[in-house]
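When a ligand or atom number is given, it counts from 1 through the structure's own listing order. Everything numeric here is computed off the predicted structure, so don't read it as measured data. Residue numbers run from 1 in the order of the sequence given.
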Amino acid sequence: MSPSGSRIPAPAARGSAVAEVDTPALLIDLDTLDANMAQVHQHVIAAGLHVRAHGKAHKCPAIAHRQLAAGAIGICCQKASEAEIFADAGITDILITNQVVGINKVERVAILANRVTLGVCVDHALQVDQLGSAATRHGSKISVMIEVDVGLGRCGVSSAEAALMLAAQIGTFAPALTLGGIHAYTGSAQHLREPAEREAAVAAAVERVTAIKWALESAGFPCPTVTGAGTGTYMLEAASSLYTEVQPGSYVLMDADYAANHLPDGAVPLQHALFGLCTVISASPTHAVLDGGLKTFATDHGLPVIMVPGWTVKGLSDEHCVIVPDAGAAPLQVGDKVRLIPGHCDPTVNLHDWLVAIRGEQVEELWPVLARGALF
Ligand code: PLP
Ligand code: MN
């Protein structure tokens, strides 16, 4: 292991030129990262809400610390092991935006809750029972968020009755468990391309959650926090008068899929801060080949987009990316280094041990992706 905890040596040295970075690598443009963060945080905070940035996008404590320094109140994680890694790196307020099931996991989560302020989502009595028993045994406190399905068709209860039963059950585990409020993530709205489609989806979610929150509070179960939202909709939740915090993740990095969302008139687009850097390892008159394939770029939301004018990504295999020129495109030479915008940032970052943080054409910092592969 290198001193940073990564098994793999960093692809560059601090202070070196970007042109010297070994490939394939992921670059983070620091000026853009900071600008994206400032833009989103300022908007959300001005609307009177909190930012709880999602760590699943970058899996990198160095970025989480930057988000906290820029006004986020805490972070979200998707997995217990991810939360442990961020906690080890000094993050003290974490919401696991997911269901944690199984005695081993719940045990770890209950222990973690003695070190950090911790929230966990539930949508079933078994989860509450496991969390409540473990937290009671360990003398820790967990803030439990009742997840409401707002159209994603993933986790979450669909009725006020189900929410009321969970709230009552959470109460039986006091003081180990407290009801934190409602988690309602409008996941299926994030990549709807048109602003009006996203607006309608979030409006429907707000209506559903408002009714469930009213039912809970009328029955004596206050819901101080309503949390959700991602990069595609955070402005809508921020304007809702219902949500109290938003949890965007991709906004700091951006990707080709998010860039394809159309924005409302006057909205300032977030910029790409994450790039793959690859080397041309073979070139012919018809195509060129890069040294990064499916093990460098996730393609579930589309192919990466090459930033060389006149060239297009044709396809990826495990370790190769084939690119093709338009008529008249300037040829690429073996040894050239080129940048690509990943199709989907989260699973792309999870393929890499290092993020090479650059300013202009210089490497400023090397960040290990410490929560890479933290899936359990
Ligand atoms: N919250 C939850 C529960 C999520 O699953 C995700 C991403 O999938 C996010 C927030 C962040 O979304 P995004 O990266 O699209 O901003
Ligand atoms: Mn994503």
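Side chain to side chain, D255 and H344 fail the donor-acceptor criterion of an N or O pair below 3.5 Å. A donor-acceptor contact under 3.5 angstrom links the side chains of E237 and T186, judged on distance only.
Contact check on E319 versus K295 returns a salt bridge, with a Lys/Arg side-chain nitrogen under 4.0 Å from an Asp/Glu carboxylate oxygen. By the 4.0 Å N-to-carboxylate-O rule, R115 lies close enough to D88 to be salt-bridged with it. Salt bridge present: R52 and D93 bring a charged side-chain N and a carboxylate O closer than 4.0 Å. One finds no salt bridge joining R154 and E147 here, because no Lys/Arg side-chain nitrogen approaches an Asp/Glu carboxylate oxygen to under 4.0 Å. A salt bridge links K213 with E217: the closest approach of a Lys/Arg side-chain nitrogen to an acidic carboxylate oxygen falls below 4.0 angstrom. Ion pairing between a basic and an acidic side chain is recognised when a charged N comes within 4.0 Å of a carboxylate O; D257 and R193 show such pairing. Taking 4.0 Å as the cut-off between side-chain N and carboxylate O, E361 and K337 do not count as a salt-bridged pair. Ion pair K56/E82 not flagged as a salt bridge, since none of the NZ, NE, NH1 or NH2 atoms sits closer than 4.0 Å to an Asp/Glu carboxylate oxygen.
With ligand atoms numbered from 1 in the order given, ligand 1 contributes 3 (C), 5 (O) to contacts under 4.0 Å with heavy atoms of R154. Atoms of ligand 1 found under 4.0 Å from any heavy atom of T97, numbered from 1 in the order shown, are 3 (C). Near H183, the atoms of ligand 1 lying under 4.0 angstrom from a non-hydrogen atom of the residue are 3 (C). Annotation for ligand 1: atoms under 4.0 Å from non-hydrogen atoms of G230 are 12 (O), 16 (O). Ligand-side atoms of ligand 1 in range of A229: 10 (C), range being under 4.0 angstrom from any heavy atom. Residue P248 has at least one heavy-atom neighbour below 4.0 Å for each of these atoms of ligand 1: 16 (O).
Residue, atom and distance of the protein heavy atom nearest to atom 15 (O) of ligand 1 are Y258 OH, 2.6 Å. At the top of the distance list for atom 13 (P) of ligand 1, counting protein heavy atoms only, stands S250 OG, 3.5 Å. What sits closest to atom 10 (C) of ligand 1 on the protein, heavy atoms only, is Q247 O, 3.1 Å. Of all protein heavy atoms, the one closest to atom 8 (O) of ligand 1 is K56 NZ, 2.8 Å. Looking only at protein heavy atoms, the nearest one to atom 16 (O) of ligand 1 is T231 OG1, 2.6 Å. For atom 12 (O) of ligand 1, the closest non-hydrogen atom on the protein side is Y185 OH, 3.5 Å.
When distances to the Mn ion (ligand 2) are checked against a cut-off of 2.8 Å, C345 contributes no N, O or S atom below that limit.
Ligand 1 lies out of reach of M254, whose nearest heavy atom is not under 4.0 Å from it.
Nearest N/O/S atom of D346 relative to the Mn ion (ligand 2): this is OD1.
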